[in-house]
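Reckoned from all heavy atoms, side chains included, excluding hydrogens, waters and symmetry mates.
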Amino acid sequence: MQERYDHAAIESQAQGEWRSQRAFAVAEDTRRPKYYCLSMFPYPSGRLHMGHVRNYTIGDVISRFMRMRGYNVLQPMGWDAFGLPAENAAMKNHVPPAQWTYENIAYMKQQLQSLGFAIDWDREVATCTPEYYRWNQWFFLRMLEAGIAYKKTGVVNWDPVDQTVLANEQVIDGRGWRTGALVEKREIPMYYLRITQYAQELLDALNELPGWPERVRTMQANWIGRSEGVRFAFPYDLGGGQQLLYVFTTRADTIMGVTFCAVAAEHPLATHAATNNPALAAFIDECKRGTAMEAELAVMEKKGMATGLFVTHPLTGMQVPVWVGNYVLMTYGDGAVMGVPAHDERDFEFAKKYGLEIRQVIDMTGDGRRATGYGQNQDLTVDRGPLPVAFSTAEWQDWYDTKSGVCIHSGKYDGLTYQAAVDAIAADLQAQGLGNKQVQWRLRDWGISRQRYWGCPIPLIHCPACGDVPVPDADLPVKLPEGLVPDGSGNPLNKTPSFYECRCPQCGGLARRETDTMDTFVDSSWYFLRFASANNAQAMSDARADYWMPVDQYIGGIEHAILHLLYSRFWTRAMHDLGLVKVTEPFANLLTQGMVLNDIYSRKGEDGRVDYFSPADVDVQTDAKGLRLSSTLRSDGLPVEWEGMRTMSKSKGNGVDPQQLVERYGADSIRLFMMFKAPPEDSLEWSDDGVEGAARFMRRLWRMVFEHVSGAGDGPGAVAGSEASATQAQAPGPTPQSLTDAQCELRRATHSALVKVTDDLGRRRIFNTAIAAVMELMNSLSRFTDTSPQGRAIVQESLELIVQMLAPIVPHAAHVLWKELGHDDLLLNRAWPQADPAALVQDSIDIVVQVNGKLRGRITVPTGAGDTQVREAALADEQVRKWIDGKPLRKVIVVPGKLVNVVV
RNA sequence: GCCGGUGUGGCGGAAUUGGUAGACGCAGCAGACUCAAAAUCUGCCAUGGGCAACCAUGUGUCGGUUCGACUCCGACCACCGGCACCA
């Protein structure tokens, strides 16, 4: 055995052996339980970043652990290869997106391989290949037939200078990122998927996903946004007979407090009012130019303008003014809301700003418990209780929008509580044919059309005679031409007649092919099914998917908690309903890993520009206690400013290149560091010292095995495979009677570490504590100096178990050390070891004694001592007596095996 | 703004079901080995007081429940993630 830990040699040896044995290629095998472990596939941006390394290391640790536990494990990998960055790179470098993407894939694949992940590369997919995206197209046509896909107009950001549609991220402060031109809203025809049809199912099924983090389920439930309320209409007449302005409200109990209505800028009523009102038309234009992003809408100033039109209150018959409000969304409900300034904070602000009437119709008593003496429905048998809380129109109060008050100033509804009032009002509206109770969803249908080149073509042909005609299945895939280079002025497909010129499949006449491509979320909504049915040129999905699905463990960033995961759930259900797969939920268990952070160092230039520096180029000065004093740039020795820890990004210059780290420290050290530094769901702070520490651990592990193996000499304790297996499960361990105390202690430390590591890797899925347990064991082992044959046998057992416990985390070194310890089988195929119960037995345990909840002493009692015995021992303890000191005992609490609390 | 999350020594974190707060590591300090350095090994390392035994305080802030709270409840503060064309 070599004395030095040579990571490069070890890792190439291990990877070479795995490759030559095709160790990670898996086939369906009904004799073994299957385990599908999937990490979110990467966008091929050029190089792996540390977030990828963390994500895939977590997946690899779980995969390798489950394999040792006897599962048939599938861990595939692919490329989410369509998308905007390739077009941006193309513009910058004048290289076709296809070429850029395929080069990136080749490089990143080699990076992944150097990290030693147990991936079945035979199943690799790239979503930009026709072999993959033809099934996007094929299934889109099935959804079209089933009515799940449909066409309607949608609003996009239009850059008038570049004559192109911009993504939200390409719009900065309302202007195009490249041209600086004011971005306009344009309505264009687009294709949508009816995800709203699945809203109830998607919501209900969240309860059947106990393996998902609670917070992700909550976020999805909020996103779907089911709300029960009343949809009703305000009648109006503009001369052409009665028409209806529909609104939706969850607060029908406040309907008697309506003093205005507000409609979205795109609402037909607004358009109508603007025809003879230039000021209103200008305001509507301003609203339309505004942002479409919810976050910006929420914080912007609420503005409105009266339309001069009035509608009739359906219950009071009063005339209600209609306003246009910039905060009303055309995409939610009917694009109009009723305004109740007294009981809605936003309406209150709006009314104050524009001098609209504020009419209180809900009252609350001082303690919020019961009604006060208003109205006919008052129950006079009930105690009057506190006086009502004063309502003031001067300032908004928290209780104004409470649902626990009662109606006042509301005629026949006076005295009714929330639910009773909603029921009564809904019934009255229904009697008039003007409304009824309804369920409203926040979730909107999924618009999948993108006016971009680097995506999957939507397989439709527009024929002047026949309309929109689907491309026949036999003609799929509609191939994306790969040589085009976008220049920022719109979709190059629109300038490529060889792509868009075609014949109508129905009438044979000249027609134009659709040039929009699909949202890249489409690609990632079913890739997990394709891995399971890899390389099938005849079908999108086959019986192999029924074997592998659902994904047993899905791992990815929390930033995908809503969109990607919801779209994938929807898509899987659609495939299920069209008879293509058996499962309805794609991901049984979900682990959302935290982000990778690093220090940010900057320096402000004289011109106000901020320069960022890599933490690798910065020296940090500390005081005697290690406290950070200042930071200086290594190259010029001048100070730089520390901005704290943030997520790694190119623009902040705080990224770390995995490739350099692998070369310098080896994949095992990087993997160990990432698993040890933080629990998987927390954010992880990068530190070069931490990697150094991981590398130190690897050297120590190597040296411990080396010293043991080389110490074998020719004595009776010589290492051999037969001796090694003798201490394993096949034979019982040495009997406690024959062992010294120190030997007994090391065996107990070894086997209790195994219990802990098994639980952490398996049930808990927390790896930092598993590694800490092994470190503790190694500390015990290095204090163990017994070189007798029996002592050596116990060290051998301990080292073998350490290597096995670490195998999922540092697989290369574990692979080689396993052989050095005398085995010739492959460690990754070895069954996970089981702890020897005999090694865990203890004769006595330590019990903590508290007096009035404060730690005052410790006692040692025999294992299995009764509560009374423990209690007596605690009260007899000298330290404890000092604190009791004759005071009367009030209570003694005995927690078996843990502590005694004496209350005096 | 709305929704979700996080907050423990100088730092990352541990404490799994309400039961010893600070495991394990990083940084730091002291020492051993060495001509020296690297590597390695040993010891110390929450704060205040004390020679020490030990005592008091301490898990973002304030309050509550409990024999006992990092853990449960209420209010607040700070920071982070998502918000539908980035993926």
Side-chain angles (χ1 to χ4, degrees), chain A residues 40 42-43 45 80 82-85 88 154 156-157 165-171 213-216 218-219 221-223 225 292-300 331 346 442-444 446-452 519-521 524 557-564 566-567 592 594-595 597 620 622-628 644 646-647 673 676-679 681-685 687-694 696-697 699-700 703 756 759-760 763-764 766 768-769 771-776 779 782 846-850 852-855 858 890-893 895 898-903:
Chain A
M40 289 181 184
Y43 179 81
S45 57
D80 189 12
F82 274 137
L84 207 47
N88 294 339
V156 294
N157 304 306
V165 174
L166 299 178
N168 280 342
E169 69 159 10
Q170 296 173 320
V171 180
E214 187 63 43
R215 60 173 166 156
V216 175
T218 307
M219 284 162 90
N222 289 336
W223 186 260
M293 290 168 76
E294 195 191 344
E296 290 174 35
L297 280 169
V299 291
M300 75 185 181
T331 47
R346 200 167 46 181
R442 207 184 84 96
L443 182 67
R444 307 199 296 256
W446 175 13
I448 58 157
S449 295
R450 297 290 180 270
Q451 297 69 42
R452 283 182 218 301
D519 179 6
T520 56
F521 274 123
S524 55
I558 183 73
E559 66 274 19
H560 295 289
I562 297 173
L563 292 182
H564 162 61
L566 193 63
Y567 290 148
T592 51
M595 296 176 309
L597 316 178
V620 176
T622 57
D623 68 9
K625 285 186 167 182
L627 262 168
R628 178 194 292 270
R646 293 289 172 76
T647 151
F673 167 74
F676 178 64
K677 185 74 176 176
E681 309 223 315
D682 291 7
S683 57
L684 181 150
E685 297 186 359
S687 106
D688 290 337
D689 288 329
V691 185
E692 197 73 59
R696 190 151 53 224
F697 175 91
R699 287 193 294 268
R700 187 172 177 219
R703 196 174 53 249
K756 164 109 182 114
D759 190 42
D760 283 354
R763 181 182 64 87
R764 292 220 303 160
I766 296 178
N768 54 331
T769 49
I771 295 166
V774 176
M775 286 174 168
E776 275 186 86
N779 289 343
S782 61
D846 290 342
I847 300 270
V848 166
V849 186
Q850 297 180 333
N852 287 343
K854 294 199 176 188
L855 175 66
R858 283 160 214 281
R890 286 215 355 242
K891 208 173 183 183
V892 180
I893 292 139
V895 182
K898 285 255 167 84
L899 63 66
V900 177
N901 189 13
V902 182
V903 186

Across all strands, who's sitting opposite [N] as a Watson-Crick or G-U wobble pair, both distances under 3.5 Å?
N	result
rG1(B)	rC83(B)
rA52(B)	none
rG7(B)	rC77(B)
rA32(B)	rU40(B)

Indicate, yes or no, whether a donor-acceptor pair under 3.5 Å links the base of [N] to the side chain of [X].
X	N	value
Gln451(A)	rC85(B)	yes
Arg452(A)	rC85(B)	yes
Asp689(A)	rC26(B)	no

Practice task
Between rC76(B) and rG22(B), how far apart are the P atoms? Round to whole Å, please.
Solution key: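 Here rG22(B) and rC76(B) have their P atoms 33 Å from each other.
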
Handout entry: Integer angstrom distance from the C1' of rA30(B) to that of rC79(B)
Key =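 That atom pair is separated by 38 Å.
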
Problem - Nearest-neighbour nucleotide for the Met595(A) side chain, rG81(B), rU40(B), rC67(B) considered - result: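 For Met595(A), the side-chain atoms sit closest to rG81(B).
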
Problem - Residue Val903(A), side-chain heavy atoms: nucleotide from rC67(B), rA87(B), rG19(B) that is nearest - result: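 Of the candidates, rC67(B) comes closest.
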
Exercise for the section: Write down the distance between CH2 (Trp223(A)) and P (rG81(B)), rounded to a whole number of angstrom. Expected result: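 Atom CH2 in Trp223(A) sits about 17 Å away from atom P in rG81(B).
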
Practice task
Tell me what Arg700(A) touches on the nucleic acid: a base, only sugar-phosphate, or nothing, going by heavy atoms under 4.0 Å.
Solution key: sugar-phosphate

Exercise for the section: Would you mind building the protein contact string for nucleotides 13-18 of chain B? One character per nucleotide, 5' to 3', B for base within reach (heavy atoms under 4.0 Å), S for sugar-phosphate only, - for untouched. Expected result: SSSB--

